[in-house]
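Because only heavy atoms are used, hydrogens play no part in the values below, and waters and symmetry mates are left out as well, while side chains stay in. Chain naming here is simple, since letters A, B, ... match the order of the sequence lines and numbering starts at 1 in each.
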Protein chains: 4
Amino acid sequence: MTVPERLISAATELFAAKGFDRVAVQEIVDRAGVTKGAMYHYFGSKDDLLHEIYGSVLRMQTERLEKIAAGDGPVVERLHAAASDVIVTSIDNFDQAKVYFRSADHLAEDKRLAMRSERRRYHERFRALVEEGQAAGVFRADVPADVTVHYYFGAVHHLATWYSPDGVLSAEDVGRHYADLLVGSLRP
Amino acid sequence: MTVPERLISAATELFAAKGFDRVAVQEIVDRAGVTKGAMYHYFGSKDDLLHEIYGSVLRMQTERLEKIAAGDGPVVERLHAAASDVIVTSIDNFDQAKVYFRSADHLAEDKRLAMRSERRRYHERFRALVEEGQAAGVFRADVPADVTVHYYFGAVHHLATWYSPDGVLSAEDVGRHYADLLVGSLRP
Amino acid sequence: MTVPERLISAATELFAAKGFDRVAVQEIVDRAGVTKGAMYHYFGSKDDLLHEIYGSVLRMQTERLEKIAAGDGPVVERLHAAASDVIVTSIDNFDQAKVYFRSADHLAEDKRLAMRSERRRYHERFRALVEEGQAAGVFRADVPADVTVHYYFGAVHHLATWYSPDGVLSAEDVGRHYADLLVGSLRP
Amino acid sequence: MTVPERLISAATELFAAKGFDRVAVQEIVDRAGVTKGAMYHYFGSKDDLLHEIYGSVLRMQTERLEKIAAGDGPVVERLHAAASDVIVTSIDNFDQAKVYFRSADHLAEDKRLAMRSERRRYHERFRALVEEGQAAGVFRADVPADVTVHYYFGAVHHLATWYSPDGVLSAEDVGRHYADLLVGSLRP
DNA sequence: CATGAATGAGTCTTCATTCAT
DNA sequence: TATGAATGAAGACTCATTCAT
């Protein structure tokens with residue numbers, strides 16, 4: 001593992017466990033086994049570290065959503081698959097996901113804006129799926145697609161708060177349940 | 001408004017806007033128009049302030065849930081009312097709710113435990129409502145009630161991230177939509 | 001001596017001896033016998049300390065120049081007195097003057113501008129004296145007054161580099177010599 | 001341009017613009033288009049760079065002064081030429097001169113001493129010229145030659161603070177004015 | 001000759017909290 | 001009740017220099 005990888009890895013664990021503001025740069029470099037100077041050689045700031053972790057989750061989930069949404073099954077199935085997939089991948093990369101879900105607003109102004117627009121794209125792709133089903137008449141249309149998407153992502157983000165990999169529910173269990181609830185709630 | 005009230009009020013606004021760790025005690029007392037000494041006269045620590053804000057939301061919502069759940073209408077209606085009510089009251093006290101939703105893990109160990117058990121009670125009362133419906137056969141039983149409740153509270157907590165009182169959706173709109181989605185998803 | 005006074009005094013000595021950039025805040029507070037927190041209670045930054053020292057010299061010298069220039073003797077005598085006075089007061093407050101003469105450009109942008117305009121006023125008052133003599137025909141006019149003033153202030157600022165209070169020359173000696181040279185150079 | 005030349009050149013510009021302590025080695029090598037390793041291959045330290053720049057100005061000016069002083073015209077003319085020459089060459093090599101004039105005390109102990117004695121030699125050669133005129137009765141003797149020389153060099157050093165090559169005054173203009181003032185002030 | 005990763009000591013600044021008054 | 005001066009520990013970040021390659 002290279003030094004920057006070790007740093008990212010250490011930062012991910014710590015940010016996930018204590019939150020960005022509660023982690024000192026010193027702790028990160030100690031855990032990575034390097035000195036502060038080394039960290040600032042690779043990353044411009046503590047914020048950069050967060051940004052990097054952020055980006056990797058967002059990129060991965062965006063790619064997967066795109067692929068699933070572009071499939072050719074019925075929209076109900078595609079939405080179910082997408083809803084389930086975001087849960088499974090979040091749990092499979094739980095520390096990264098925790099950081100992503102909880103530290104959104106800790107980024108400095110400039111990076112926050114860049115991130116925001118990437119995020120919006122994800123949100124919109126998901127919403128398009130819901131709207132497609134509404135247009136096709138298979139989803140209820142009395143609740144705005146936008147509200148539904150916020151509703152579902154709330155549930156997803158909250159995973160970081162209650163889910164434990166050591167419990168009885170596997171990632172797939174939760175994915176299936178959540179997707180069932182979402183799709184179920186959209187029945188006309 | 002008394003001094004402690006002014007302090008709570010100032011702290012609520014600031015914590016809601018920037019997050020607990022990003023607010024200095026000095027900012028709070030400045031906004032409240034008092035000095036630091038005064039704050040430490042009334043509150044033992046910065047944490048205490050958070051605890052106070054926390055408590056007030058949780059207490060209020062617990063009381064209301066209790067009353068609604070204990071009503072005598074059909075369980076579907078009671079769940080819908082409870083689901084909608086938590087949204088409306090959260091939006092009506094949006095700053096307090098934001099603090100409550102986002103700063104859970106910032107409390108010191110001892111206070112966190114106290115808080116946790118209050119929280120669990122609320123969660124369990126809500127879950128009981130779902131289970132009641134499942135037992136009565138009006139709610140689907142293939143998704144554990146526990147998962148459903150986490151799912152819904154995720155959506156609720158996420159309000160703090162996306163909802164704006166200045167937008168087109170009123171508190172009641174969102175309450176109705178969210179409750180519709182929840183109840184809809186529980187149909188067998 | 002109050003704490004802020006002790007801080008200013010310690011900072012003056014240290015800045016004079018080593019230059020602004022070579023002095024650590026820690027050294028200043030150690031010498032003043034307080035902690036860093038105390039310093040930041042009274043001064044917003046290390047720059048503020050510099051600004052304070054700066055200001056006091058500049059204010060004093062401006063006031064004295066104003067008074068001397070406004071006198072009613074012949075212009076030759078007033079210029080001689082002003083030229084001599086700036087030397088004597090600089091030597092009497094040698095540490096402060098050293099800081100003033102050598103650390104001009106170390107101030108942060110905003111404070112530098114404020115300072116600059118005060119400084120210009122001083123320069124212009126002095127120049128007006130030279131121009132008055134030129135208009136009266138008692139000073140040569142082939143060298144622009146502006147150049148002469150820069151020339152003389154260069155000599156003054158340089159005091160910090162070579163003069164020592166322990167040498168054979170008293171402040172008055174240097175003042176007289178410098179003023180003699182200036183007035184002598186302006187003879188037609 | 002060789003690598004060491006590029007480094008010297010970059011360092012000169014940066015030191016002149018921001019002062020020795022405000023320039024990072026990284027900036028210098030970036031501007032020179034090389035890496036830090038390369039710099040430390042050619043120069044022992046950041047101080048060395050300063051020393052090099054220093055030396056070149058001082059050496060050049062010493063040589064020229066020597067030549068001018070050893071001429072065979074009247075002492076008044078030789079002093080005027082020397083006084084004017086130091087201005088013109090300082091302005092022609094303005095960045096180097098700025099560094100030389102302003103960063104005197106930033107050198108490490110050992111190098112500072114070496115520099116000091118070279119400097120003294122220059123000062124003494126100049127003073128000898130003044131004393132020669134005093135002995136010949138063409139310069140006033142009531143102001144010590146030593147003081148006069150400090151006085152004049154102050155004016156020279158101060159150029160770095162106010163002179164701009166883009167203004168209306170050419171190097172020769174300033175040289176003539178300054179020399180006129182010096183020679184004028186020495187009239188008996 | 002030259003790279004660039006890594007060091008380690010040092011920089012300024014922030015802040016929750018205490019305490020004499 | 002309330003002040004505000006003072007503390008002390010911790011915070012993020014910088015930078016000249018070294019060294020294996």
Side-chain angles (χ1 to χ4, degrees), chain A residues 2-4 6-7 20-29 32-50 108, chain B residues 2-4 7 20-30 32-50 108, chain C residues 2-4 6-7 20-29 32-50 108, chain D residues 2-4 7 20-30 32-50 108:
Chain A
T2 69
V3 167
R6 285 215 305 279
L7 284 164
F20 184 77
D21 281 334
R22 300 278 167 115
V23 175
V25 169
Q26 190 61 56
E27 293 180 74
I28 300 172
V29 300
V34 298
T35 59
K36 268 193 265 198
M39 193 215 104
Y40 282 98
H41 181 69
Y42 291 105
F43 301 93
S45 65
K46 190 185 167 189
D47 259 56
D48 263 21
L49 237 21
L50 180 57
Chain B
T2 70
V3 166
L7 282 163
F20 183 77
D21 280 333
R22 302 272 168 121
V23 176
V25 168
Q26 189 62 57
E27 291 180 74
I28 301 173
V29 299
D30 283 353
V34 298
T35 59
K36 273 198 259 198
M39 195 214 103
Y40 281 94
H41 179 72
Y42 291 108
F43 300 93
S45 67
K46 190 184 168 189
D47 261 55
D48 265 20
L49 236 21
L50 181 57
Chain C
T2 69
V3 167
R6 286 215 307 277
L7 284 163
F20 183 77
D21 280 334
R22 299 278 167 116
V23 176
V25 169
Q26 189 61 57
E27 292 180 73
I28 300 173
V29 300
V34 296
T35 59
K36 270 193 264 196
M39 194 214 103
Y40 282 97
H41 181 70
Y42 291 106
F43 302 94
S45 66
K46 190 185 167 191
D47 259 56
D48 262 21
L49 237 19
L50 180 57
Chain D
T2 68
V3 166
L7 283 164
F20 183 77
D21 280 332
R22 301 271 168 123
V23 176
V25 169
Q26 189 62 56
E27 292 180 74
I28 301 173
V29 300
D30 283 352
V34 299
T35 59
K36 273 198 258 199
M39 196 214 102
Y40 281 95
H41 180 73
Y42 290 108
F43 300 93
S45 67
K46 191 185 168 189
D47 260 53
D48 265 19
L49 237 21
L50 180 58

Starting from the 5' end of DNA chain E, give me the residue, B:V25 or C:Y40, whose nearest nucleotide shows up first.
C:Y40

Sequence neighbours left out, what passes salt bridge (charged side-chain N to carboxylate O under 4.0 Å, His left out) with B:D30? Give chain and number order.
none

Taken to the nearest 0.5 Å, the spacing of A:Q26 CD from A:M39 CE works out to 11.0 Å

Expressed as a whole number of angstroms, how long is the span from C:H41:NE2 to E:dT13:C1'?
16 Å

Please give, in whole Å, the distance from E:dC15 C1' to B:R22 CZ?
15 Å

Please work out if A:V23 contacts a base, only the sugar-phosphate, or nothing of the nucleic acid, heavy-atom cut-off 4.0 Å.
sugar-phosphate

Any side-chain N or O of D:K36 under 4.0 Å from OP1/OP2 of E:dG4?
no

Writing each nucleotide of DNA chain F 5' to 3' as (, ), [, ], | or . by Watson-Crick or G-U pairing under 3.5 Å yields .||||||||||||||||||||

Minimum-distance pair of heavy atoms, taken over all atoms of D:F43 and D:P4
CZ-O, 4.0 Å

Quick one: are D:V29 and D:T35 in side-chain contact, heavy atoms under 4.5 Å?
no

Which is true for A:A38 with a 4.0 Å heavy-atom rule: it touches a base, it touches only sugar-phosphate, or it touches nothing?
base

From the set E:dA2, E:dT11, E:dA16, return the single nucleotide nearest to any side-chain atom of D:T35.
E:dA2

Measure the shortest side-chain to side-chain distance between D:D21 and C:F20 over non-hydrogen atoms and say whether it is less than 4.5 angstrom.
no

So which heavy atom on B:I28 is nearest to which on B:L7, and how close?
CG2-O, 4.0 Å

In whole angstroms, how far is the P atom of E:dC12 from the CG atom of C:L50?
13 Å

Closest heavy-atom pair, A:D48 versus A:G44, reported as atoms and distance to 0.1 Å, is OD2-N, 3.1 Å

What is the 5' to 3' range of DNA chain F, first to last nucleotide, that sits under 4.0 Å from any heavy atom of chain C?
F:dG4 to F:dG8

Residue pair B:D21/A:M39 against DNA chain E: nearer the 5' end by closest nucleotide is A:M39

Most 5' of D:G37 and C:Y42 on DNA chain F, judged by nearest nucleotide
C:Y42

